[in-house]
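Heads up: numbering here begins at 1 and tracks the sequence. As the structure lists them, so they are numbered: ligands from 1, and atoms in each ligand from 1.
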Amino acid sequence: MKIAVFSAKPYDQKYLSHVFTHHHGSSNNSPISAELTFHDFALNPETVPLAHGAEAICVFVNDVLSAEVLQGLHALGVRAILLRCAGYNNVDLPTAEHLGLFVANVPSYSPEAVAEFALALLQTLNRRTHRAYNRVREGNFNLDGLLGRNLHGKTVGIVGVGKIGLALARILRGFGCRLLAFDPFPLDAFREFGEYVSLEALLPQCDFVSLHCPLMDKTRHIINEGTLAQMKPGAILVNTSRGGLIKTRSVIAALKSGHLGGLALDVYEKEGGLFYQDHSGEVIQDDELMRLMTFPNVIICGHQAFFTEEALTEIAECTRRNLEDFVARRHCQNSLVHEKVLKRRESLPVRI
Ligand code: NAI
């Protein structure tokens with residue numbers, strides 16, 4: 001089967017090629033012979049024709065899977081969308097379902113990878129190690145401006161306690177933090193670490209707030225003028241989830257006024273078209289991003305919280321398992337579309 005892989009960086013090519021070449025199918029299935037074509041650019045309306053001849057495409061967080069793109073892919077004969085990520089806010093699922101497309105994600109490749117990175121960002125900002133690193137390299141050993149706070153005894157708010165939020169709770173317990181969480185669907189597993197409260201109750205009490213809920217209509221701009229005003233003065237905000245959770249204009253205002261004590265981002269509202277590419281020789285046109293970069297108490301990373309060897313291995317292996325389910329026309333536990341799509345697909349040819 002031909003698979004067009006979009007946004008394929010050298011590390012994706014390495015891990016996917018390894019898993020698709022050396023794996024021989026799950027237990028009682030014959031191996032799938034997959035021919036991978038790697039494109040290092042993203043999928044969008046202009047690049048759809050590159051999927052010509054492929055029955056499946058493999059995509060990542062900033063690929064565009066709008067109705068227009070899905071219809072174009074379907075017309076080319078693509079029948080399966082394999083996401084190499086957990087979040088699927090970039091996929092028009094109703095259109096995919098209407099077209100009878102198989103869509104599957106990798107729901108959990110390494111919650112610890114993201115939780116550990118959130119903690120790394122939080123402590124970098126809190127203890128100013130990003131500034132210390134540069135100073136010491138210049139021979140400046142002055143400590144002015146590097147004062148931090150102990151995590152021990154502080155209150156940390158986790159917004160969204162799923163796999164990643166829970167992994168962060170486990171880590172923060174080791175630091176001796178008091179944990180508060182907001183999640184409309186509470187998990188019993190969190191109750192041994194802390195207490196569920198409303199978002200309105202959480203924000204004024206927390207010294208640090210970390211976002212771990214998915215991006216949906218309900219959570220878009222969950223951090224805005226109103227919720228920022230509710231936060232404790234001087235609190236640090238960490239977002240390793242999705243950029244759209246934060247209204248960028250509002251955090252800039254809160255940083256300028258000094259109400260927000262620091263901001264650590266691994267994701268950014270308008271990261272598509274910027275992240276995962278080298279723009280160092282260009283003039284970046286996004287004025288809000290560039291303004292954020294001027295604050296000494298802001299750290300921005302390019303969506304790398306997931307980026308560990310363990311996570312890349314699981315992403316490649318889970319993508320392979322999802323493809324096996326598609327080819328075998330059996331239930332896929334990571335399917336994002338209704339089972340009826342699989343049934344409808346039984347009448348379609350599958351080229352293996
Ligand atoms: P999950 O599905 O296990 O947990 C998400 C939690 O958010 C659930 O408990 C859910 O009930 C909760 N939630 C839903 N609506 C909410 C709301 N309105 N307010 C607060 N909480 C709400 O997902 P997981 O695996 O923990 O991942 C969380 C997010 O992390 C993903 O949606 C993805 O956007 C992001 N992510 C980022 C990565 C990175 O490299 N930066 C890598 C992997 C995931």
### Message
What protein heavy atom lies closest to atom 4 (O) of ligand 1? Include the residue and the distance to one decimal.
### Response
Gly162 CA, 3.1 Å
## Note on the structure
Across all chains, not counting sequence neighbours, the ring-ring contact (aromatic ring centres under 6.0 Å, His included) partners of Phe193 are none
### Query
So which heavy atom in the protein is nearest atom 8 (C) of ligand 1, and how far is it from that ligand atom?
Asp183 OD2, 3.4 Å
### Query
Short list, please: which atoms of ligand 1 are under 4.0 Å from a heavy atom of Pro184?
15 (N), 16 (C), 17 (C), 18 (N), 19 (N), 20 (C), 21 (N), 22 (C)
### Task
Anything under 30° is parallel, anything over 60° is perpendicular, the rest tilted; go ahead and classify Phe306 against Tyr276.
perpendicular
### NZ or CZ of Arg320 within 45° of Phe20 ring axis and under 6.0 Å
yes
### Task
Looking only at protein heavy atoms, identify the closest one to atom 7 (O) of ligand 1 and say how far it is in Å.
Pro214 CD, 3.2 Å
### Message
Looking only at side-chain N and O atoms, does Thr319 offer a donor or acceptor that is under 3.5 Å from a partner on Asn322?
### Response
no
### Query
Does Asp12 pair with Arg84 as a salt bridge, N-O distance under 4.0 Å?
yes
### Message
For the residue pair Ser250 / Asn224, report whether a side-chain donor-acceptor contact shorter than 3.5 Å exists.
### Response
no
### Task
May I ask you to decide if the ring planes of Phe6 and His39 are parallel, tilted or perpendicular, using 30° and 60° as cut-offs?
tilted
### Task
Quick one: look up the protein heavy atom nearest atom 33 (C) of ligand 1 and list residue, atom name and how far away it is.
Arg242 NH1, 3.6 Å
### Query
Between Thr240 and ligand 1, is there a nitrogen or oxygen pair with a distance under 3.5 Å?
yes
### Query
What pairs meet the side-chain hydrogen bond (donor to acceptor under 3.5 Å, both in side chains) rule with one or both residues in residues 106-123, with sequence neighbours excluded?
Gln123-Asn126
### Atom indices of ligand 1, in the order listed, that fall short of 4.0 Å to a heavy atom of Phe185
11 (O)
### Query
So, is Ile164 polar-close to ligand 1, with some N/O to N/O distance under 3.5 Å?
yes
## Note on the structure
Residue, atom and distance of the protein heavy atom nearest atom 30 (O) of ligand 1 read Ser241 OG, 3.4 Å
#### Entry: Close N or O approach (Asp266, ligand 1; < 3.5 Å)
yes
### Task
Report yes if some N/O of Lys163 lies less than 3.5 Å from some N/O of ligand 1; otherwise report no.
yes
### Query
Which heavy atom of the protein is the closest neighbour of atom 15 (N) of ligand 1, given with residue, atom name and distance?
Met216 CE, 3.3 Å
### Query
Which heavy atom of the protein is the closest neighbour of atom 40 (O) of ligand 1, given with residue, atom name and distance?
Phe306 N, 3.1 Å
### Task
Heavy-atom contacts with Val161 under 4.0 Å: which atoms of ligand 1 show up? List them by number with element.
9 (O)
### Query
Tell me, which protein residue and heavy-atom name are nearest atom 43 (C) of ligand 1, and how many Å apart are they?
Tyr109 OH, 3.2 Å
### Task
Within a distance under 4.0 Å of any heavy atom of Ala305, pick out the atoms of ligand 1 and give their elements.
39 (C), 40 (O), 41 (N)
